[in-house]
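Lettering of chains follows the sequences in order, A, B, ..., and the numbering in each one begins at 1.
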Amino acid sequence: MTLATLLHPGRQARFAVIAAAIGLTTGSFLVGAGLTPLWLGSVTGFAVAGVPWLLKWRSDLKSWGFAVTLLGVLVVLQGVHSLEHLVQLAQLYVLQWPLQRSLGLITSANVEWVHLAWNLVVLAGVIYLMTRGFRNVWMWALLVWAGLHTLEHAYLFARYLQVAREINGFGLPSFGASQSLPGVLGRDGWLSQQSWCGRIAGITTAPRAVIHFGWNAGEAALLLVAARSNLPRFSNITPSPTTPRGGNA
Amino acid sequence: MRAAALILMLAGLVTGGASTPGDPLVTAAPSAVVPAQFAWGYNASEATCEGSFVRHKLDFKTVTRGPEVTYYDSNGAGVAAADLDRDGDLDLVFANLEGPNTVAWNQGGMQFKMQRLDHGRSRGVAVLDADGNGRLDLVFTQGLGSLSRFELMDLNADGGGRFERRTLPGVLTPAYAMAWTDIDGDGDLDLATASYDTLLSKAQGPGFLSGAGAGVMLYENVDGRFHGTKLADSSQALAVTFFDVNHDGLPDLLVGNDFEVPDDAFINPGETAGVWERLDALPTITQNTMGFDVADFDGDGRLDLFATDMKPPTFTEPERVAAWMPLLQRGYEQSRVSDQQVAENVMLLNRGDRFENVAYARGIDATGWSWSGLAGDLNHDGFQDLYVVNGMVAKEAFGHLPDYALVEPNHAFEGGAGGFTARNEWGLAATDSGRGMILADIDSDGDLDVVINNLNAPAVVFENRLCHQGESIQVTLKDPTNANADAFGSVVRLHSGDRQWVRRHDATRGYLSGYNGPLHVGVPNDAAADGLTLDVVWPDGAISASEVPQGANVVTVSRAAGGGAP
């Protein structure tokens with residue numbers, strides 16, 4: 001088992017290309033024609049493009065078991081999630097959109113819910129993989145990274161709920177800006193406002209969008225490295241429905 | 001007044017050259033040496049050391065119309081400090097909205113005798129001799145009208161003064177903010193004004209724009225008459241100042257606009273008949289500019305700029321963040337990362353050929369709904385400290401808060417080599433909704449006190465009782481050879497070895513506030529021991545210089561006839 005095998009759509013390759021094209025076209029049409037908001041058009045496009053991947057992962061599940069398949073799913077979806085953040089940076093810095101519009105693709109549905117939920121999924125997946133034998137220094141690094149990232153989102157989510165409650169107390173409607181507040185790291189973040197902490201380039205100065213692209217790009221990179229360093233242990237396993245579930249190497 | 005013994009130690013006619021030429025301070029003109037009399041003295045008054053400021057409430061309050069504060073009464077008014085009665089201590093002049101403008105005559109010991117003037121509905125205030133006749137004027141901006149000028153004719157036996165209303169010939173346009181300096185080096189005071197059009201619009205309806213008056217005006221003083229040139233047809237100015245934005249050594253005009261209207265910089269052409277052209281020269285500027293202060297924050301001898309704006313001082317406390325949410329939402333909907341304007345304080349350090357905004361890096365970007373923000377060495381350690389007053393009351397903006405008031409403490413920062421440190425322990429964290437503010441030595445003990453004109457709350461003086469880390473030198477400038485007798489626009493530079501402390505003499509500072517008193521320079525003890533030299537760069541670029549006699553801490557520098565810029 002190699003990283004390339006894990007990430008290649010295999011027999012679904014041609015279908016994957018076609019589905020991606022259809023998904024992109026469909027999503028673009030829906031959004032461009034004003035039929036759906038950006039997040040719904042994006043979800044529709046991803047749903048179409050994701051069908052061959054679902055077929056591949058169903059096949060992987062039979063061949064390699066749940067743990068290896070989960071690893072593949074996490075790597076691909078975290079890559080897509082990082083792409084989401086890259087799109088947000090492009091919206092901010094290339095397209096020069098206002099902050100309110102620069103929310104990536106799916107994220108515009110709800111910033112804090114989407115990101116906390118996804119980070120919890122990744123963290124749980126990493127923990128599961130480690131219980132199934134995927135343990136080396138890269139997995140531990142990934143666990144720490146994903147844990148800290150989830151903590152940051154937990155802080156953001158908790159503060160979002162607190163601010164929303166205060167706003168309700170004032171008798172005001174909800175504000176989109178309450179989902180764009182700084183977190184622990186970054187410009188105006190919790191760390192930057194601690195008297196014992198000076199300004200640390202990037203860590204307490206980068207805008208929220210850059211900080212979270214960094215979190216996710218780092219997480220995607222660690223997932224790749226962790227996958228690459230763990231998968232060779234499955235190289236002597238012949239793909240078959242009888243492969244031990246979880247790849248208890 | 002605190003017992004202050006002023007002992008003249010030395011008075012000399014200095015004709016020597018500047019000791020450290022080469023660094024352009026304010027003028028592009030070749031520096032000429034002019035004679036001046038440096039009357040050095042020693043103020044023996046001891047400043048009290050208690051580690052904090054002590055609050056004194058004054059019998060004055062800026063009041064608004066009606067039971068509810070609305071736009072733009074919410075913007076409050078300014079305060080000025082000057083020695084009106086020439087008794088050696090600084091008196092105060094408060095602008096008011098619904099109540100009368102008031103002079104607080106300084107009786108010493110933090111006691112003031114209040115004189116209510118028959119005049120109000122004012123915004124900014126400055127004290128200066130506008131026509132060079134030797135008598136000080138109180139000049140108010142009215143917001144809805146042009147400037148009002150009251151000349152101090154003489155002093156009453158009971159301690160007050162007799163003021164007579166005078167015109168400023170040629171000054172007719174509505175003005176909210178003003179700045180005075182000698183822009184052309186001809187020896188008299190010129191004037192710049194700018195209007196706050198939204199205030200005019202609210203009062204007069206949208207049709208006001210079709211009439212004359214709104215916008216940015218530059219008035220050149222020609223033989224006592226002001227010749228106006230309109231630089232901009234409209235403005236939303238809360239502040240104007242003269243500041244060299246293109247590094248050519250000449251004072252340009254900087255107009256600080258509210259409501260996301262970009263600030264305007266008009267470049268001094270350097271010649272009388274030249275045209276003041278707009279130049280977009282600053283890399284970053286405040287989005288809703290409230291006030292300006294020009295000072296050398298990093299001790300490199302170049303003048304930097306501090307501008308105030310609105311930004312929550314914390315994002316970690318949900319209830320405080322929620323109070324700001326309507327305003328944050330506006331920025332969220334409109335702001336782009338590439339915007340030149342940012343909704344936070346800006347400190348532009350002058351790097352010689354460019355400016356760099358270091359406000360966030362130095363931790364002074366967020367001070368609440370900020371109005372006046374001023375630099376001054378409050379603890380005599382040789383570094384500029386910073387004080388910013390804030391607060392907002394307006395039904396339109398904060399209808400969701402009790403009494404429509406955003407209540408947040410003022411912010412004091414101690415300057416240092418590495419930046420600024422918040423100093424809540426200094427006792428300056430008042431929550432009285434301050435607007436105009438000035439730093440001045442009210443008790444004549446050699447350190448800077450703080451005077452604040454609050455909105456719908458008594459004005460206060462915070463008496464400086466910090467434990468100082470050095471001494472101070474206070475420099476009074478006089479130019480009896482010119483109509484600009486108080487030498488506004490001059491720059492003083494005190495230096496010792498490779499260290500220097502630069503101050504500019506501005507008639508208006510911060511938000512709607514004025515100052516006409518000695519320039520205060522804090523000097524650390526080791527620098528004082530090393531020997532000091534004082535340079536004065538007069539508005540025409542001419543320079544006078546003198547060594548500082550050992551132990552001297554006050555000086556009056558009087559320009560003598562002769563010499564001058566070529």
Checklist entry - Only one of B:L386, B:N350, B:L348 clears side chain to side chain contact (heavy atoms under 4.5 Å, CB included) with B:F297; which? => result B:L386
[X] versus chain B, heavy atoms under 4.5 Å apart: side chain, backbone, both or neither?
| X | answer |
| --- | --- |
| A:R187 | both |
| A:W97 | backbone |
| A:Q193 | side chain |
| A:L181 | side chain |
| A:L92 | both |
| A:P182 | side chain |

Below 4.5 Å, heavy-atom pairs only: which of [options] has the largest tally toward chain A?
| options | result |
| --- | --- |
| B:P402, B:P312, B:S338, B:G418 | B:S338 |
| B:E333, B:R320, B:K311 | B:E333 |
| B:E344, B:E317, B:R330, B:Q334 | B:E344 |

Is the shortest heavy-atom distance from the side chain of [X] to the side chain of [Y] under 4.5 Å?
| X | Y | answer |
| --- | --- | --- |
| A:H115 | A:W215 | no |
| A:Q78 | A:W118 | yes |
| B:W371 | B:N75 | yes |
| A:H81 | A:I106 | no |

Item to check | Heavy-atom contact with chain A under 4.5 Å, split by part of B:D365 | outcome: side chain
Item to check | chain A contact via B:P326 - side chain, backbone, both or neither, heavy atoms under 4.5 Å | outcome: both
Checklist entry - Quick check, are the ring centers of A:H153 and A:Y155 under 6.0 angstrom apart? => result no
Next on the checklist: Would you say B:N456 and B:T64 are linked by a side-chain donor-acceptor pair, where the criterion is simply a distance under 3.5 Å?
Outcome noted: yes
Checklist entry - Can you list the steps and then say if A:S42 with A:E84 is a side-chain contact (heavy atoms from CB on, under 4.5 Å)? => result CA-CA 10 Å; A:S42 301; A:E84 169 98 342; over 6 Å; no
Checklist entry - Which residue out of A:G189, A:S178, A:G176 racks up the most heavy-atom pairs below 4.5 Å with chain B? => result A:G176
